[in-house]
Every structure is written in C-alpha cells, then in structure tokens.
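Before any comments, here is the structure.
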Amino acid sequence: MKATLDHVGIAVADLAEALAFYRDALGLEIEAPELVASQKVRAHFIPAGESALELLEATADDSPIAKYVAKRGPGLHHITLRVDDIRAALARLKERGVRLIDETPRPGAHGSLVAFIHPTSAHGVLVELKQA
C-alpha cells in the first residue's frame, strides 16, 4: 500500500486562540472552514508544503472532537495518510489483523472518503486513511 502524508489533525478547544497562533504568530494562511457533518466538526486546513495541518473544531457536544478535548485536552488528534484506493487498503489491513474503527469509508473533508485505524493497532496513534 503506497501512502503519503496528507495532513495532521489538531483538536482545538478555542478556535480563536488556535488561529491567533497558526495564522497570526506563525503567519500561515488558513483556508476557509469546511463543515464535516458526518463527524460533527468544522475543519480549518492550513497548507504546509506538500501536507497540511487541520484544526478541528467541534460543532456538537457529542462529536468525537468534543469528547477528545474533554478527555485529553487540545492537541494532536490524528495523522492522515492519502491512499489511491481506500477500499483496497482497508481490505489489506483487515487481512493482516489490523483493528479498524471504520471497515468501510465514510465522507470526509474536501469531498474525500476517509476511514480510521484504531490506535491500538498503530502504536497509540489514531491514523486516518484518505482517498481524494
């Protein structure tokens, strides 16, 4: 499976504070936010070379990001690897005994398909697979 780093997801508790750092202090440009209804988040992408940073703002108290921030605080949430064929990648991972959060892809930001690998199979890191 060929994969490239697409982005790093960062859960934020205070979007204005996060924007003040990434946009104002670091001088990075932030794309217009995108609502990802399936995950109850608003995503703010920050291009950084060939990859990006993704600031994740919860839009509901029961969203995965709201739960994450409540339990662990703001910070690194996941890394995203871009793959050409997400269904084939998931099948290959399942055959190898990798624990998946999503056995089938779901809608993600930028019209993509995404699926998550459970952190217990990725040495404590939540890994998102993305097919553009």
Side-chain angles (χ1 to χ4, degrees):
M1 171 175 66
K2 183 180 176 186
T4 57
L5 181 63
D6 187 81
H7 67 270
V8 175
I10 301 168
V12 299
D14 184 331
L15 181 64
E17 190 176 290
L19 291 175
F21 175 71
Y22 290 100
R23 181 189 60 212
D24 303 337
L26 293 179
L28 299 173
E29 292 187 28
I30 298 174
E31 295 177 356
E34 179 180 351
L35 181 64
V36 184
S38 66
Q39 297 178 40
K40 300 179 184 178
V41 298
R42 191 171 357 271
H44 304 262
F45 282 90
I46 305 169
E50 297 292 319
S51 302
L53 301 175
E54 177 190 32
L55 303 182
L56 296 162
E57 170 192 18
T59 59
D61 291 339
D62 64 341
S63 79
I65 293 301
K67 292 175 185 177
Y68 181 90
V69 170
K71 185 175 181 179
R72 295 181 180 90
L76 179 64
H77 181 260
H78 68 273
I79 64 166
T80 299
L81 300 174
R82 189 178 328 116
V83 297
D84 291 331
D85 185 340
I86 195 167
R87 287 176 179 83
L90 291 170
R92 189 172 315 120
L93 291 166
K94 191 173 181 179
E95 287 173 5
R96 293 186 172 142
V98 173
R99 185 174 174 197
L100 303 172
I101 293 173
D102 301 300
E103 293 197 10
T104 58
R106 57 181 152 146
H110 297 135
S112 65
L113 291 175
V114 301
F116 287 88
I117 298 170
H118 199 281
T120 57
S121 286
H123 305 277
V125 177
L126 180 61
V127 177
E128 177 185 35
L129 299 178
K130 174 184 176 181
Q131 178 183 319

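Throughout, numbering of the chain's residues begins at 1 and tracks the sequence.
A heavy-atom distance below 4.5 Å is found between the side chains of L93 and L129. The shortest distance between side-chain heavy atoms of H7 and R82 does not fall below 4.5 Å. A heavy-atom distance below 4.5 Å is not found between the side chains of L56 and Y68. Using a 4.5 Å heavy-atom cutoff, the side chains of E31 and H110 are in contact. No side-chain heavy atom of E103 sits less than 4.5 Å from a side-chain heavy atom of L90.
Note on L15: it clusters hydrophobically with I30, by side-chain heavy-atom contacts below 4.5 Å among ILVMFWY residues. Follow the hydrophobic side-chain contacts under 4.5 Å out from L126 and you never reach V8; the two are in separate clusters. Follow the hydrophobic side-chain contacts under 4.5 Å out from V69 and you never reach F21; the two are in separate clusters. With hydrophobic clusters built from ILVMFWY side chains whose heavy atoms lie under 4.5 angstrom apart, V41 does not share a cluster with F45. In the hydrophobic clustering of ILVMFWY residues, with side-chain heavy atoms under 4.5 Å counting as a link, I10 and L28 come out together.
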>> The test is side chain to side chain contact (heavy atoms under 4.5 Å, CB included); show your working for H78 and E54 and say whether it passes.
In response: CA-CA 10 Å; H78 68 273; E54 177 190 32; 3.4 Å; yes
> Going through the checks in order, is the side chain to side chain contact (heavy atoms under 4.5 Å, CB included) test met by L19 and L55?
Replying inline: CA-CA 9 Å; L19 291 175; L55 303 182; 4.1 Å; yes
> Can you list the steps and then say if I46 with L26 is a side chain to side chain contact (heavy atoms under 4.5 Å, CB included)?
Replying inline: CA-CA 11 Å; I46 305 169; L26 293 179; over 6 Å; no
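Taken to the nearest 0.5 Å, the NZ atom of K40 stands 7.5 Å off from the NZ atom of K67. The NZ atom of K130 lies 11.5 Å from the CG atom of L81; values are rounded to the nearest 0.5 Å. Between atom CD1 of residue I117 and atom CD1 of residue I101 there is a gap of 9.0 Å, rounded to the nearest 0.5 Å. Note: F116 CZ to T80 OG1 = 6.0 Å, rounded to the nearest 0.5 Å. Rounded to the nearest 0.5 Å, atoms CG (D102) and CD1 (I86) are 8.0 Å apart. Annotation: the span from Q131 atom CD to R87 atom CZ amounts to 7.0 Å, rounded to 0.5 Å.
The minimum heavy-atom distance between V36 and A43, with the atom names listed, is CG2-CB, 4.4 Å. When all heavy atoms of Q39 and S63 are compared, the pair lying nearest together is O-CB, 3.8 Å. Residues P74 and A13 approach most closely at CB-N, 3.9 Å, considering heavy atoms. Across every non-hydrogen atom of A115 and P105, the tightest pair is CB-CA, 4.4 Å. Taking all atoms of both residues into account, the shortest heavy-atom contact from S112 to A132 is CB-CA, 4.2 Å.
Atom CZ of R106 has more than 12 heavy atoms from other residues, nucleotides or ligands within 6.0 Å.
Note on K2 versus D84: no salt bridge recorded, every NZ/NE/NH1/NH2 to OD/OE distance being 4.0 Å or above.
Judged by distance alone, with hydrogens and angles left aside, the side-chain atoms of S51 form no donor-acceptor pair with the main-chain N or O of A48 at under 3.5 Å. No side-chain donor-acceptor contact under 3.5 Å links S121 to the backbone of V98.
With sequence neighbours excluded, no residue satisfies salt bridge (charged side-chain N to carboxylate O under 4.0 Å, His left out) with D61.
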